[in-house]
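What follows is a short report on a single structure.
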Amino acid sequence: MYLLDQVKNQITAIIQRALERAVAQGALPAEILDNSGMIALEVPREETHGDWATNLAMISARAARMAPRKIAEILASYMDLTNSSVEKVEVAGPGFINFHLNPTWLNQVIGEVQTAGSQYGQLEIGEGEAVQVEFVSANPTGPLHVGHGRGAVVGSVLANLLGKAGYQVQREYYINDAGNQIYNFGLSLEARYFQALGQDVSVPEDGYHGEDLKILMAEVVAEVGDKYLDLEPEERRTILTKFALKRKLADIERDLREFRVYFDNWFSESQLHQEGAIEDTVRELQANGSIYDDGGALWLRSTQYGDDKDRVVIRENGIPTYLAADLAYHKNKFERGFSKVINIWGADHHGYISRMKAGVAALGFDPESLIVKIVQLVTLLRDGEPVAMSKRTGKLVTLAEVIEEVGVDAARYFFIMRSADSQLDFDLSLAAAHTEENPVFYIQYAHARIASILRQAADLGHLPQLAVGQSLGDVINLATVDVSLLTNDSELALLKKIAFWPEEVKVAALTMEPHRIARYAHELAGAFHSFYNASRVISADSALTMARLSLVDTVGIVLRTALDVLGISAPERM
RNA sequence: GCGCCCGUGGCUCAGCUGGAUAGAGUGUCUGACUACGAAUCAGAAGGUCGCAGGUUCGAAUCCUGCCGGGCGCGCCA
């Protein structure tokens, strides 16, 4: 258990005991114990209000039929603070009980972090439960564009975060390599192939108009010439499609790897078709009465599970819809034993959630364990002006281009720094700028500065030179360092920020809000910069120097850990 | 028309399982480098939290209605 939780438990226990004694001695009515199971501690906004506060007296006022302040005062008077980190308790405002801690509780933080290293903040709330995060899953019919970038980062950071919280996470990419759109893809490829051979053929209106296919087919022609001209159209398209899918997928994988986005499993839709999984799923749904025939098509009774209308799964022409494949896919996922199946989808797919959940329920799984996280759209800007994009003509800004322009670190940070619920303005010029306006560098600069201080300290003989990946605890005996010398405001603020990292991970994981980690990293960097400007680390006072160096190194560890979750590099120099 | 997301200082956004005087970055203004990296720091100004009701001891936060922006509403994926 981390220090922060120990302290919280201490305070909760103090309140609990005060409650019991006050009731036992008749100072408070027994009804008040009804609320004692839910003693909530919160961090007051105002620093003068202490380190922690509880609103217990206020929420108990009704049951106890007493004024909140009165309850608070009685409770406070029954509190026993001996052997605790709580230095002072006060009643304030409408009935808050504020707890002021003795700053010495922070003395152990440095040791805690140094011992845990990169494992600091590793939690067990996931209890090793297997969960899956499926994200990106872009059609392998074209390059990844900016919109995919956000999903890629949100998904990968969420997966990292859940791992940090103690879940067993699988990262999966669903390859839509079957069905109608692949048929269309084949037609477009065929047209481009003919064009490459000089024929006057146009790409179908609803086909794929990207330049990339033109280039790809030119390549095919260069290699095999008009060899496919005489084949049956179906065979020709199959050959071209197979070739193109393989290439496009390889491109996608390469772009993602470049973007530090990795998958444990690439799951192919066509596999479901080959295995007959779709038919099996439909049959199962028919057997349990979730599917009916109307007008020659098969419909899923999704309204029974909260959807607006029933949905077609098998068309009149006998071809399954996308939903049918997705039902089979999700059945497959749940059968693999995940307790949570998490999907990251773009905002344009939100209308699909209720039917998907209905389908999952119809298949006998808990729809609550299917969690769909919607990521809102990205508006790409340059110097504050929207970048013109047209999906129709295939003129989209690709993810690879964005990375090329602003770099992986900045791109990742910009995609993750806002809540996924909010639409995102991604300003290329800002992300690319190596100036004070750019928050990525603010964080990285803190890390580089830390590395620089440690180098300097080693040069001056205060400690051995640290290798990359080494921390202070690896090269000196920390027991000889007196961290209680760290007492000024900026030092305490920094220590406190460090102590909150596990809590930060917990909240971000439970709410599945990875952007909180980006915020945290920024705040930690800020606390460090303030400290740096307020306190000279290396001085003539060697005891203080060592204490501050251990603090500096500890900040470095936490900063690296947070950046690691974000998939952003922590440079030693900039 | 229905559904989902958003509406918070000039700009971009946090805060949203209700809590005490609404925060950050940027921009503007004022200061800090003859010692560890000024890609930094300290300070100031700047807000009817879209509007109107409601719930409550207490609402940016929950509920209802309206207004504004985005996205979706296929036997497409």
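Letters A, B, ... mirror the listed sequences (proteins, then strands); counts begin at 1.
- Between the side chains of A:Q376 and A:D421, not a single donor N or O lies within less than 3.5 Å of an accepting N or O.
- Annotation: B:C5 and B:G46 have their C1' atoms spaced 29 Å apart (nearest Å).
- For A:F99 and A:W52, the ring centers are positioned 6.0 Å apart or more.
- Ring pair A:Y174/A:Y329: centre-to-centre distance below 6.0 Å.
- As rounded to the nearest Å, B:U30 and B:C71 have P atoms that lie 42 Å from one another.
- Taking atom C1' on both nucleotides, B:G68 is separated from B:U8 by 15 Å, rounded to a whole Å.
- The CG atom of A:L472 sits 7.5 Å away from atom OG1 of A:T554, with the distance rounded to the nearest 0.5 Å.
- On the P atoms, B:G25 is 15 Å away from B:A45, given to the nearest whole Å.
- The gap from the P atom of B:A59 to that of B:A52 amounts to 15 Å, rounded to the nearest Å.
- Checked against a 6.0 Å centroid threshold, the rings of A:H529 and A:Y445 count as neighbours.
- Atom CG of A:L377 and atom C1' of B:G72 are 10 Å apart (whole Å).
- In this structure, B:C16 shows a glycosidic angle more than 90 degrees from zero, which is the anti conformation.
- Applying the ring pair (Phe, Tyr, Trp, His ring centres under 6.0 Å) rule to A:Y413 yields no partners; only residues at least two apart in sequence or on another chain are considered.
- Note on A:A347: only backbone sugar-phosphate atoms sit closer than 4.0 angstrom, heavy atoms only; bases stay farther off.
- A stacking contact between A:H522 and B:A24 is absent: the pair does not combine a ring-centre distance of less than 5.5 Å to the base's six-membered ring with planes differing by less than 30°.
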For nucleotides 57-61 of chain B, which of its nitrogen or oxygen atoms have a protein nitrogen or oxygen under 3.5 Å away, and what is each distance?
residue, atom, partner, partner atom, Å
B:C57, OP1, A:R62, NH2, 2.9

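- Phosphate proximity of B:G74 to A:K309: present, with a side-chain N or O under 4.0 Å from OP1 or OP2.
- Residues A:S137 and A:N176 have side chains that never bring a donor and an acceptor to within less than 3.5 angstrom of each other.
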Identify each donor-acceptor pair in which a side-chain atom of residues 516-523 of chain A lies under 3.5 Å from a protein atom, sequence neighbours left out, and give them as a table.
residue, atom, partner, partner atom, Å
A:R516, NE, A:E513, OE1, 2.7
A:R516, NH2, A:E513, OE1, 3.0
A:Y520, OH, A:K497, O, 2.7
A:E523, OE1, A:K497, NZ, 2.7

Each nucleotide of nucleotides 34-42 of chain B classed B (base within 4.0 Å of a protein heavy atom), S (only sugar-phosphate) or -, in 5' to 3' order, makes -BBBSBBSS
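- Shown here is A:R315, whose CZ atom has more than 12 heavy atoms of other residues, nucleotides or ligands within 6.0 Å.
- For the pair A:R150 CZ and B:C13 C1', the computed distance is 11 Å after rounding to whole Å.
- Contact check for A:F135 versus A:H148: no side-chain heavy atoms found under the 4.5 Å cut-off.
- Base engagement by A:H349 is indicated by at least one non-hydrogen atom pair under 4.0 Å involving a base atom.
- Here the separation of B:U26 from B:A44, taken at their P atoms, is 16 Å to the nearest Å.
- Counted by atom type alone, A:N343 and A:H349 present zero donor-acceptor pairs between their side chains at under 3.5 Å.
- Distance noted for atom C1' between B:U55 and B:C63: 7 Å (whole Å).
- Contacts of residues 416-432 of chain A with RNA chain B (heavy atom under 4.0 Å): A:R418, A:S419, A:D421, A:S422, A:Q423, A:D425.
- As judged by a 4.0 angstrom heavy-atom cut-off over every strand, A:D459 is placed among residues making no nucleic acid contact.
- Side-chain atoms of A:D206 stay outside donor-acceptor range of the base of B:A77, with no qualifying N/O pair under 3.5 Å.
- Map A:N98 and A:G295 each onto its nearest nucleotide of RNA chain B; the residue landing nearer the 5' end is A:N98.
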Per-residue pairing states of RNA chain B in dot-bracket (Watson-Crick or G-U under 3.5 Å; . unpaired, | other strand) read (((((((..((((.....[...)))).(((((.......))))).....(((((..]....))))))))))))....
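- Contact annotation: A:H350 does not reach the phosphate of B:C2 (side-chain N/O to OP1 or OP2, under 4.0 Å).
- Between A:R315 and B:A77 there is a side-chain N or O to OP1 or OP2 distance below 4.0 Å.
- Side chain to side chain, A:S490 and A:N488 meet the donor-acceptor criterion of an N or O pair below 3.5 Å.
- Here A:A67 lies out of heavy-atom contact (under 4.0 Å) with every strand.
- Summarising the geometry, the separation between NE2 on A:H49 and P on B:A20 is reported as 9 Å, rounded to the nearest angstrom.
- With both ends at atom P, the span from B:U61 to B:C51 equals 11 Å, rounded to whole Å.
- Contact annotation: A:R516 side-chain N/O to B:C16 OP1/OP2 distance is under 4.0 Å.
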